[in-house]
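Every chain is numbered from 1, with letters handed out A, B, ... down the list of sequences.
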There are 2 protein chains.
Amino acid sequence: MKKNITIKEIAKQAGTSVSTVSRVLNNNPSVSPAKRAKIQAIIDQNHFQPSMLARGMVSHKTNTLAVVVSDINNPYFTDLISQIEQNARPAGYTLLLINTMTAGTGQDASDVQVEIEAFKRIMEAKVDGVLILGGEIDKEVVAERYISALNTLNSKAPVVVIGQKVAGCDALFVERDQKRSVTLITQHLLALGHRQIGFVGGEPGVRITSQRLAAFKATMQTYSEIDESLIVLNNYYPQSGYDAMAQILATHKQLPEALVAINDRVAEGIFRCLADHGLQAPQDIAVGSCDNFPYGDFLIPRITTVDQHNEVLGRIALHYLFQLIDHKQLEQTETTHLPELIIRESCGAKLPKEGKQ
Amino acid sequence: MKKNITIKEIAKQAGTSVSTVSRVLNNNPSVSPAKRAKIQAIIDQNHFQPSMLARGMVSHKTNTLAVVVSDINNPYFTDLISQIEQNARPAGYTLLLINTMTAGTGQDASDVQVEIEAFKRIMEAKVDGVLILGGEIDKEVVAERYISALNTLNSKAPVVVIGQKVAGCDALFVERDQKRSVTLITQHLLALGHRQIGFVGGEPGVRITSQRLAAFKATMQTYSEIDESLIVLNNYYPQSGYDAMAQILATHKQLPEALVAINDRVAEGIFRCLADHGLQAPQDIAVGSCDNFPYGDFLIPRITTVDQHNEVLGRIALHYLFQLIDHKQLEQTETTHLPELIIRESCGAKLPKEGKQ
DNA sequence: TTGTAAGCGTTATCAT
DNA sequence: ATGATAACGCTTACAA
């Protein structure tokens with residue numbers, strides 16, 4: 001940033017002291033209308049904006065929040081960022097975004113390093129609070145040094161994580177109810193009469209995967225039986241769904257009755273693979289999913305999925321973060337809405353009279 | 001941010017002066033190994049990170065870049081942000097993200113206000129450079145006060161805009177070749193023998209829309225005729241494509257031979273609408289598109305579109321921004337790769353022997 | 001090699 | 001209502 005005009009210079013031009021300039025900047029009433037006008041004019045003329053750096057130095061506040069994401073191309077994260085921004089801005093905060101791109105790389109060691117370095121950068125920036133939306137923290141086994149780095153960070157500025165609680169982590173966690181979501185879609189499929197149901201997608205070793213798979217298995221155990229050959233884990237993307245479906249097709253003489261995809265993207269891959277084999281959901285196989293990504297009702301077929309109401313998640317996380325920043329007692333806020341089944345076409349359920357278009 | 005340990009405190013604990021501490025922080029060789037070790041130990045022990053605020057005050061550098069987007073849920077923007085981050089990080093920069101969410105709201109007046117306020121916030125933050133990825137700057141008629149605000153911003157820190165040059169704007173512009181892209185897909189359709197071709201999607205009053213539409217019309221004029229009733233503008237989303245297709249279906253006895261969608265999202269809406277009428281591309285109508293959004297080869301049908309190689313766009317913009325920051329003479333970099341036609345299924349062209357996947 | 005001190009642009013405290 | 005001045009945490013001459 002080029003050298004800006006400073007309040008000192010403004011004071012000089014206005015023939016007053018810096019304190020008076022500072023006062024008009026901060027709407028302090030103790031300034032005579034005349035001086036105020038004169039100073040304001042110089043300010044406007046020069047498009048002067050007070051330096052947050054200098055302000056931050058004395059106030060120990062930067063009005064900046066750090067947001068750490070592991071994959072900004074994932075709609076789940078952008079949704080979250082969007083909400084966070086929408087709620088942070090009116091409160092006067094700006095976001096420092098760190099996109100580590102560590103999701104689904106399989107490069108565990110270096111990924112951890114990237115995230116830890118992000119923490120360092122955040123500490124340097126003296127942000128007022130930190131939001132962590134995913135990454136290493138979602139792993140089944142979180143690296144010790146990561147936890148330690150996170151705790152260090154949390155000792156400098158309050159940290160809120162959107163994810164499942166990790167033992168030994170001092171940060172505040174805001175959790176989604178993964179179990180209930182998968183149970184919902186699995187029961188839907190079971191209720192439609194399907195018994196032979198598979199589970200597709202998700203990276204092994206990541207807790208979202210294991211929790212969702214566990215919920216799937218638990219539900220299946222109650223009503224039917226688990227067929228391990230119909231469980232194919234790999235990742236969270238369309239290609240994952242495509243590959244998994246292809247594998248099931250290749251290894252089974254007959255199609256299973258139904259499939260639970262770990263998310264809508266994976267389901268999309270399943271649809272594509274089915275189409276390539278002259279098959280489709282729900283006619284040949286029912287496919288249910290989770291996450292209700294944007295535009296799910298434009299897919300072919302329209303996807304039946306579970307809406308976890310992530311739109312409140314960002315708001316809740318921010319609510320807690322603000323309380324931590326203000327050193328308030330943590331007070332309960334609206335809790336995440338319960339996950340909600342969105343019945344569309346892909347599972348073959350009868351649709352309510354007026355289908356959403 | 002809670003009160004941190006400072007170099008002063010470290011100096012005290014180490015029994016040296018602040019300058020010596022500063023020296024080890026900056027890898028200045030003029031420090032005795034003994035002192036260095038002692039100081040480093042205290043630094044590590046306390047997880048000390050030097051304050052960028054204080055550093056920025058003296059160096060007039062914050063190692064921060066502001067990025068302004070109008071819709072972070074748009075894959076075009078997230079792609080860009082992703083690349084920018086990937087290239088900025090190694091250079092030591094962190095991103096201050098401003099997501100104005102002003103895309104496609106139709107709220108012109110207040111949208112401009114939001115963007116102008118973003119500029120103010122950026123000026124306060126004393127960032128080293130600014131990247132603007134869309135928003136008001138894309139409008140057919142850019143508000144005067146916006147241009148003026150942008151110029152003010154540009155006078156404080158270098159600004160690079162990814163978009164078409166706007167008269168009166170001092171910022172540096174990095175442009176995409178919209179004309180060539182649309183010409184490419186339109187010619188493809190024409191070459192396949194189609195003559196009656198429509199154009200669907202895009203917000204009127206936005207330059208991307210008018211430029212693409214103009215290129216479409218110019219190409220059509222050369223080879224065939226323009227049928228205005230087959231031109232339906234509205235917006236950039238699946239619903240836009242759906243609505244436009246529905247309108248064409250409702251107002252025409254016969255399907256046109258082909259359609260150019262303004263982007264892949266809009267095409268997706270077209271596909272869905274066709275399916276709802278028992279129709280599909282390319283059998284009943286050829287549909288070509290632009291932008292090559294992620295996962296286009298998982299759509300049903302796989303979409304034929306134009307890849308504008310946006311992956312180099314962020315890098316180019318950053319390249320220029322760095323030069324501006326360093327007050328270098330602007331030197332030409334790799335120019336955007338020429339747009340490339342991606343032939344998949346939706347236009348009905350014969351596929352090369354080895355189709356992807 | 002090491003320390004002293006000025007300065008970066010604000011706010012805040014204290015006089016006046 | 002206004003103005004000096006210290007303080008915020010760091011870098012950087014300059015001195016020693």
* Asked: Which whole-number value in Å describes the distance from B:Leu25 CG to C:dT2 P?
  -> 16 Å
* Check whether any side-chain N or O of B:Ser30 sits under 4.0 Å from OP1 or OP2 of C:dT1, and answer yes or no. => yes
* Asked: Any ion pair linking A:Asp138 and A:Arg207 (charged N to carboxylate O, less than 4.0 Å)?
  -> no
* Asked: Over how many whole Å does the gap from A:His60 atom NE2 to C:dT11 atom C1' extend?
  -> 11 Å
* In a check of side chain to side chain contact (heavy atoms under 4.5 Å, CB included) between A:Tyr93 and each of A:Thr64, A:Asn87, A:Ile325, A:Thr62, which one passes? -> A:Ile325
* Base, sugar-phosphate, or nothing: which does A:Thr6 touch, judged by heavy atoms less than 4.0 Å apart? -> sugar-phosphate
* Between C:dG9, D:dA13, D:dT5, which nucleotide gets closest to the side-chain atoms of A:Val18? -> D:dT5
* To do: Check every atom of C:dT4, C:dT10, D:dA4 against the side chain of A:Ser17 and return the nucleotide holding the closest atom.
  => D:dA4
* Asked: Out of C:dT10, C:dC8, D:dG3, which nucleotide sits closest to the side chain of B:Met57?
  -> C:dC8
* **Carboxylate-amine/guanidinium contact B:Lys139 B:Glu136, below 4.0 Å** => yes
* Structure fact -> Against the side chain of A:Val31, the closest entry in C:dT11, D:dT2, C:dG9 is D:dT2
* Does B:Asn4 place a side-chain N or O at less than 4.0 Å from the phosphate oxygens OP1/OP2 of D:dG9? -> no
* Is the shortest side-chain N/O distance from A:Arg55 to OP1 or OP2 of C:dT11 below 4.0 Å? -> yes
* To do: Please work out whether the ring planes of A:Tyr146 and A:Phe119 are parallel, tilted or perpendicular, with thresholds of 30° and 60°.
  => tilted
* To do: Please state whether the base of C:dT1 and the side chain of B:Thr20 form at least one donor-acceptor pair under 3.5 Å?
  => no
* To do: Kindly point out which of D:dC10, C:dA12, C:dT2 is positioned nearest to the side chain of B:Lys35?
  => C:dT2
* Asked: Out of C:dA12, C:dC14, D:dC10, which nucleotide sits closest to the side chain of A:Arg23?
  -> C:dC14
* May I ask you to evaluate whether B:Ser59 reaches the phosphate of C:dC8, defined as a side-chain N or O under 4.0 Å from OP1 or OP2? => no
